[in-house]
Amino acid sequence: MNNLRELIRVYFIMGSPNCYKEPKAVLKEAIAGGITLFQFREKGDGALSGAEKLTLAKELQVICKENHIPFIVNDDIELAVAIGADGVHIGQEDGPVKTVRERIGDMTLGVSVHSMEEAIIALQNGADYFGIGPIFPTKTKEDAKPSKGTSLIETLRKNGYTIPIVGIGGITSENAASVMEAGADGVSVITAISHAESPREAAKAIRKNVGE
Ligand SMILES: Cc1ncsc1CCOP(=O)(O)O
Ligand SMILES: C=C1C=NC(C)=NC1=N
Ligand SMILES: [Mg+2]
């Protein structure tokens with residue numbers, strides 16, 4: 001994916017457990033509201049698996065394709081390769097970055113990092129962007145580490161790391177600007193959009209506050 005730094009500006013992440021309404025409808029509304037990138041993250045209580053997960057992934061991928069929004073898959077490398085996703089996002093527990101990079105070729109590779117050490121190793125092994133968080137408290141990821149604010153983003157930038165960075169965790173239209181001011185290139189959001197009365201209005205409000 002080219003111009004990844006711009007693409008991660010309003011990075012919506014969602015799976016069926018995060019939606020009150022039909023996931024397809026939520027995604028269409030979020031796209032109408034101005035998200036710039038989408039990640040399919042089918043995880044947590046009630047998450048689909050097997051054929052149902054594959055079907056939903058393909059349905060959401062079609063919606064993204066029709067709207068020229070790149071489609072990223074969380075965790076499930078084999079799914080990403082099988083459907084020709086634009087990229088994958090992995091956490092520290094999803095295996096060595098090097099192994100994943102060898103498996104996916106030049107697909108975009110996002111890595112969650114929680115420390116300078118993890119960031120340096122991920123960068124050396126081929127990460128294209130970092131997901132850093134939780135920035136603010138979140139209930140969405142039950143095994144999330146404690147929220148640590150924007151300190152790691154600021155430290156990376158102070159030390160001259162220019163890799164694209166997206167903040168994640170408890171981000172809303174109210175606090176999104178502070179994540180950008182800390183040096184992030186974008187914000188990743190799940191429930192502020194997926195639980196909104198109007199996902200379109202929620203995405204629009206976030207987009208407005210992170211700059212066009
Ligand atoms: C996947 C993930 N990683 C760190 S926090 C988080 C959940 C973010 O969800 P929300 O935007 O609803 O706080
Ligand atoms: C845990 C995560 C952190 N960051 C991003 C962008 N996606 C994730 N799934
Ligand atoms: Mg993971």
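Computed from a prediction, not measured in an experiment: that's the story for all the values here. One-based numbering, in listed order, for ligands and for the atoms of each.
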For the Mg ion (ligand 3), give me the closest N/O/S atom belonging to Asp94, just the atom name. OD2
Do any nitrogen or oxygen atoms of Arg41 lie less than 3.5 angstrom from nitrogen or oxygen atoms of ligand 1? no
Can we say Asp76 and Lys43 salt-bridge, meaning some charged N sits less than 4.0 Å from an Asp/Glu carboxylate O? no
Of all N/O/S atoms in Asp75, the name of the one nearest the Mg ion (ligand 3): OD1
Can you measure from CD (Gln61) to CD1 (Ile69) and round to the nearest 0.5 angstrom? 13.5 Å
Would you say the side-chain atoms of Arg101 pair up with the backbone N or O of Asn125, donor to acceptor, closer than 3.5 Å? no
Below the 3.5 angstrom mark, is there an N/O of Ile171, backbone or side chain, next to an N/O of ligand 1? no
Element-labelled atoms of ligand 1 that are located less than 4.0 Å from some non-hydrogen atom of Thr138: 5 (S), 7 (C), 8 (C), 9 (O), 10 (P), 13 (O)
Hey, what's the ring geometry for Phe71 with Phe40, parallel, tilted or perpendicular (30° and 60° as the breaks)? parallel
Part of Val166 with heavy atoms under 4.0 Å of ligand 2, whether side chain, backbone, both or neither: side chain
Lys65/Asp86 salt bridge by N-O under 4.0 Å criterion: no
Output the list of atoms in ligand 2 that are nearer than 4.0 Å to some heavy atom of Ile168, sorted by atom number. 2 (C), 3 (C), 4 (N), 5 (C)
With a 4.5 Å heavy-atom cut-off, do Tyr161 and Thr155 have their side chains touching? no
Got an N/O contact under 3.5 Å between Gly170 and ligand 1? yes
Verify, without hydrogens or angle tests, whether Ser194 (side chain) and Met14 (backbone) share a donor-acceptor contact under 3.5 angstrom. no
Does Lys21 have more than 12 heavy atoms from other residues, nucleotides or ligands lying within 6.0 Å of its NZ? yes
Could you tell me whether some N/O pair between Lys141 and ligand 1 is separated by less than 3.5 angstrom? no
Going by the atom numbers of ligand 2, which of them fall below 4.0 Å from some non-hydrogen atom of Ser188? 6 (C)
If you measure every N or O of Asn74 against every N or O of ligand 2, does any of those distances drop under 3.5 Å? yes
With respect to Ser188, determine whether any N or O atom, backbone or side chain, lies less than 3.5 Å from an N or O atom of ligand 1. no
Would you say that Val97 contacts Ile121 through its side chain, given a criterion of any heavy-atom pair below 4.5 Å between the two side chains? no
For Thr191, the atoms of ligand 1 under 4.0 Å from one of its heavy atoms are 10 (P), 11 (O), 12 (O)
Which atoms of ligand 2 have any heavy atom of Gln39 under 4.0 Å away? 5 (C), 6 (C), 7 (N), 8 (C), 9 (N)
Short list, please: which atoms of ligand 2 are under 4.0 Å from a heavy atom of Ser112? 1 (C), 2 (C), 3 (C)
From Leu156 CG over to Ile163 CD1, what is the distance, rounded to the nearest 0.5 angstrom? 9.0 Å
Protein residue, atom and distance nearest to atom 11 (O) of ligand 1, heavy-atom basis: Ile190 N, 2.9 Å
Is any N or O atom of Tyr129, backbone or side chain, closer than 3.5 Å to an N or O atom of ligand 2? no
Side-chain H-bond candidate by donor/acceptor type, Ser115 with Glu117, under 3.5 Å: yes
Determine whether the side chain, the backbone, both or neither of Lys141 has a heavy atom under 4.0 Å from any heavy atom of ligand 2. neither
Which of parallel (below 30°), tilted (30 to 60°) and perpendicular (above 60°) describes Tyr20 and His195? parallel
Any atoms of ligand 2 less than 4.0 Å from a non-hydrogen atom of Gly131? List them with their elements. 4 (N)
Numbered in order shown, the ligand 1 atoms found under 4.0 Å of a heavy atom of Thr140 are 7 (C), 9 (O), 10 (P), 12 (O), 13 (O)
